[in-house]
Novice: 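Just passing along the structure, written as C-alpha cells.
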Amino acid sequence: MEVIESLAEERQLNFIEEIIEKDLADGKHQSVLTRFPPEPNGYLHIGHAKSICLNFGLAKRYGGKTNLRFDDTNPAKEDVEYVDSIKEDVSWLGFEWAAEFYASDYFEQLYTWAQDLIKKGLAYVDDQTQEEIRENRGTVTKAGIPSPWRERSVEENLDLFERMRLGEFKEGAKVLRAKIDMSHSNMLMRDPILYRIIYAHHHRTGDNWCIYPMYDYAHGQSDSIEKITHSICTLEFDVHRPLYDWFIEKLDIFPSKQYEFARLNLTYTVMSKRKLLELVRSGFVTGWDDPRMPTICGLRRRGYTPESIRLFAEKVGVAKRDNIIDLSLLEWCVREDLNKRANRYMAVIDPVKLTISNYPEGTTEIFRAPVNQENPDAGYREIPFSRELYIERDDFMENPPKKYFRLKPGGEVRLKYSYIIKCEDIIRDNNGDIIEIICTYDPESKPGTGEWRSVKGTIHWVSVANAVETELRLFDRLFTEADMDSIPQEKSYTDFLNPDSLVIKAGYTEPAILTDTSQIAVQFERNGYFIKDSESSEERLVYNRTVGLKSAWAPQQS
Ligand code: ATP
Ligand code: MG
C-alpha cells in the first residue's frame with residue numbers, strides 16, 4: 001500500500017465538497033444533512049474520528065447539520081456500554097449532533113417497506129439454507145441459480161413474512177430476499193437477503209422482534225427516513241451503491257445518495273474493532289482506553305487533545321484510493337497543539353543522584369521559571385534547589401565521545417534555570433555501577449546576577465528534598481510492523497505485537513506539578529509531553545507519555 005508521507009499545506013476542495021457545492025448550486029438540495037452511523041459493537045477509533053470530522057466538518061462548512069445514528073441492526077454484538085462511549089467520544093471531539101437516532105427505531109417502517117416490495121413482486125421468502133443460497137449465488141463468471149421459492153405468490157410471501165415476524169419459524173429456516181437479478185454482474189444484486197430470523201435480545205427493542213434487517217436494507221432507508229442529503233461511507237461500500245439506489249428507487253422515497261472515500265489506515269496499528277476487542281480480551285492491553293490503543297478513549301488517556309485529532313483529520317484529507325498514513329503525522333499534530341498550550345515542568349525519568357559538595361547543607365533556594373514560554377499568561381513557577389539533586393542517568397557519561405556536551409568527568413554543564421556545575425567525582429556501588437555524581441557549583445553563575453557565562457550543555461534536574469515520586473509510563477507503537485494489512489498470510493497480527501510497547505519508570509518531578517490545574521498534557525522539559533493518568537492517587541502520581549519532543553516528521557511545504 002502507498003504510504004502517504006507528504007501533505008500540501010493549502011488544500012483545494014475535496015471531491016465531496018465539490019459534489020456538495022454543485023448540489024447546492026443546482027438547487028438539488030437547499031441544505032446539507034450528513035450522519036455519522038456507528039454500529040454500537042465497540043469503541044470508536046481514530047478511523048472513526050476521521051469519519052466524524054468529515055461528516056460534521058462538511059455540514060458545518062455548508063451551514064448544515066449532522067445526525068448521530070446508531071446502526072443497531074445486529075442484536076448479537078451490540079451493547080449500551082458502546083452507545084454511551086460513542087456519544088462521549090463524539091462530544092469530546094467537539095461535535096454536536098442535531099439528533100440522535102437508532103436504526104432500530106425504524107424497524108416498523110422498514111417492515112412495512114419490505115411488505116411493499118413483496119406487493120410489487122420485488123421480494124420473496126426463501127426457504128433455502130444459508131449454504132444453498134451461497135452456492136446458488138454463482139460466481140463472477142457464472143450466473144446464479146434462481147431459488148425454487150423465487151416465484152411464490154405475493155399472498156404467500158406476505159403470509160410467510162408475517163409469520164417469520166411472529167416467530168413461527170426457527171432461526172435459519174427462512175429469509176426474505178429482494179427479487180433483482182440472479183445473473184447480475186454485481187454479486188450483491190443477486191437477490192440480496194433483506195431479513196433473517198434471529199432470536200436474540202436487542203439492547204433497545206428487547207424481544208419485540210425476531211427478524212432483523214440486513215445492513216444494506218436498513219442503511220439507505222434509514223438515510224432516506226432522516227432525509228440525509230450526502231451519505232458518506234468508506235470505499236468498500238462502493239459495490240453496495242447500486243443496491244442502495246435500487247431500494248430508494250423501488251420504494252420511491254427520499255433520494256439520499258451515497259459517496260465513498262478511502263478509509264483511514266495508520267502505520268504500526270490495527271483498526272478493526274474485532275481485532276481491538278481481541279487485544280482487550282487477551283489482556284495484552286489493559287482495556288479499550290489503554291493509551292497504546294488507536295481508540296479515541298485510548299488517545300485521550302494518552303494525552304491527545306480533540307484539537308490535535310481534528311488537525312490530523314484535516315491534514316489527512318479525503319482520498320479516493322486506499323493508503324496508509326504515517327503514525328508520525330498524528331504525533332506531529334499533537335506536538336503542534338501541545339507546544340502552544342502545555343505547561344512546562346522538569347521531571348527526571350531515570351534518576352541518578354548528584355551532590356554539590358560546595359553548596360551549603362540544609363539550604364533551599366528558589367528559582368523562578370515561566371510555566372510556558374510560548375504563553376506569557378501562564379505565569380511563573382517556583383523551582384526549589386538544594387545540595388542534592390536528581391539528574392537523568394543518560395545526561396552523564398564517564399567516557400563520552402567527542403561532541404558530548406552533557407555532564408562528564410571534569411566537565412561543566414548548566415542546570416536549567418540555575419547554576420553551572422562541574423563534575424568532580426563518581427561514587428559506585430559494589431557492582432561498579434554509578435550511584436552518585438559529586439560536583440561543585442559556581443556561585444557566580446546564578447542567572448540574573450553578574451555576567452552570563454555560557455557553557456555548551458544544559459540539563460534538567462529535580463531537588464531530592466522536594467522531588468515528587470512519579471510513575472512514568474513510556475509507550476511505544478503497538479505493533480512492530482508498519483503496514484499491518486500486508487503481513488504474510490500464514491502469520492497472525494498478534495505475532496507482531498511490540499513487547500516493548502510499555503516501559504514503566506520510577507522517576508521524580510518538581511513539586512510545582514502538584515499545583516498544575518491544566519486539564520491537558522504537560523511538557524516535561526527535554527523529555528516530552530505527559531498527561532496525568534486516571535490511575536493517579538494522592539499517594540502516587542502516574543504520568544503517561546503522550547509523545548516525545550522530537551520527530552523526523554515535517555509536513556512538506558507547498
Ligand atoms: P470496523 O471495521 O473498525 O469494525 P466499521 O466500519 O464496522 O469499523 P462502523 O461502526 O460501521 O465501524 O463505522 C461507522 C462509520 O465510521 C462508518 O461510516 C464507517 O465507514 C466509518 N469508518 C470506520 N472505520 C473507518 C476508517 N478506518 N476510516 C474512515 N472511516 C471509517
Ligand atoms: Mg460496519
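What's counted below: heavy atoms across the whole structure, side chains too, no hydrogens, waters or symmetry copies. Quick caveat, the model's predicted, so the values are computed rather than measured. When a ligand or atom number is given, it counts from 1 through the structure's own listing order.
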Novice: Considering only heavy atoms of Ser51, which atoms of ligand 1 have at least one such atom less than 4.0 Å away?
Specialist: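 Contacts of ligand 1 toward Ser51, numbered from 1: 16 (O), 21 (C), 30 (N).
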
Novice: Is the shortest distance from a heavy atom of Phe36 to ligand 1 less than 4.0 Å?
Specialist: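 Contact check Phe36 vs ligand 1: positive.
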
Novice: Judging by distance only, is a nitrogen or oxygen of Lys273 under 3.5 angstrom from one on ligand 1?
Specialist: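 Right, the criterion is met.
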
Novice: For Phe261, is at least one N or O under 3.5 Å away from an N or O on ligand 1?
Specialist: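 No; the residue has no nitrogen or oxygen that sits under 3.5 Å from a nitrogen or oxygen of the ligand.
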
Novice: Hey, is Glu39 close enough to Lys273 for a salt bridge, meaning N to O under 4.0 Å?
Specialist: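 Salt bridge absent between Glu39 and Lys273.
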
Novice: Only heavy atoms of Glu39, strictly under 4.0 Å: list the atoms of ligand 1 that pass.
Specialist: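 Those qualifying, in numeric order: 9 (P), 10 (O).
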
Novice: Would you indicate which of Arg274, Glu236, Arg263, Arg35 comes nearest to atom 2 (O) of ligand 1 when only heavy atoms are counted?
Specialist: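 Minimum heavy-atom distance to atom 2 (O) of ligand 1 goes to Arg263.
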
Novice: How are the rings of Tyr493 and Phe479 set to each other: parallel, tilted or perpendicular (split at 30° and 60°)?
Specialist: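 Tilted: the ring planes of Tyr493 and Phe479 meet at 30° to 60°.
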
Novice: Regarding Glu236 and Arg263, does a basic nitrogen lie under 4.0 Å from an acidic carboxylate oxygen?
Specialist: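 The answer is yes: the pair qualifies as a salt bridge.
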
Novice: Under 4.0 Å between a side-chain nitrogen and a carboxylate oxygen: does that hold for Arg137 and Glu135?
Specialist: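 No, this pair does not count.
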
Novice: Given the ring of Phe169, does Lys174 sit roughly above its face, with NZ or CZ under 6.0 Å from the centre of the six-membered ring and within 45° of the axis?
Specialist: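 Checked: cation-pi criterion met.
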
Novice: Can you spot which of Ile309, Ile86, Leu68, Leu44 makes a side-chain contact (heavy atoms from CB on, under 4.5 Å) with Ile52?
Specialist: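 Going through the options one by one, the only one that passes is Leu44.
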
Novice: Among His48, Met271, His45, which one puts a heavy atom closest to atom 12 (O) of ligand 1?
Specialist: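 Comparing heavy atoms across His48, Met271, His45, the nearest one to atom 12 (O) of ligand 1 lies in His48.
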
Novice: Number the atoms of ligand 1 from 1 as they appear, then name those within less than 4.0 Å of a heavy atom of Thr234, with their elements.
Specialist: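 Atoms satisfying the 4.0 Å criterion: 20 (O), 29 (C), 30 (N), 31 (C).
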
Novice: Can you list the ligand 1 atoms lying under 4.0 Å from a non-hydrogen atom of Ser272?
Specialist: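 It comes down to these atoms of ligand 1: 3 (O).
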
Novice: Run the salt-bridge test on Asp337 and Arg341 with the 4.0 Å N-O cut-off and return the result as yes or no.
Specialist: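 Here Asp337 pairs with Arg341 in a salt bridge, since their nearest N and O are under 4.0 Å apart.
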
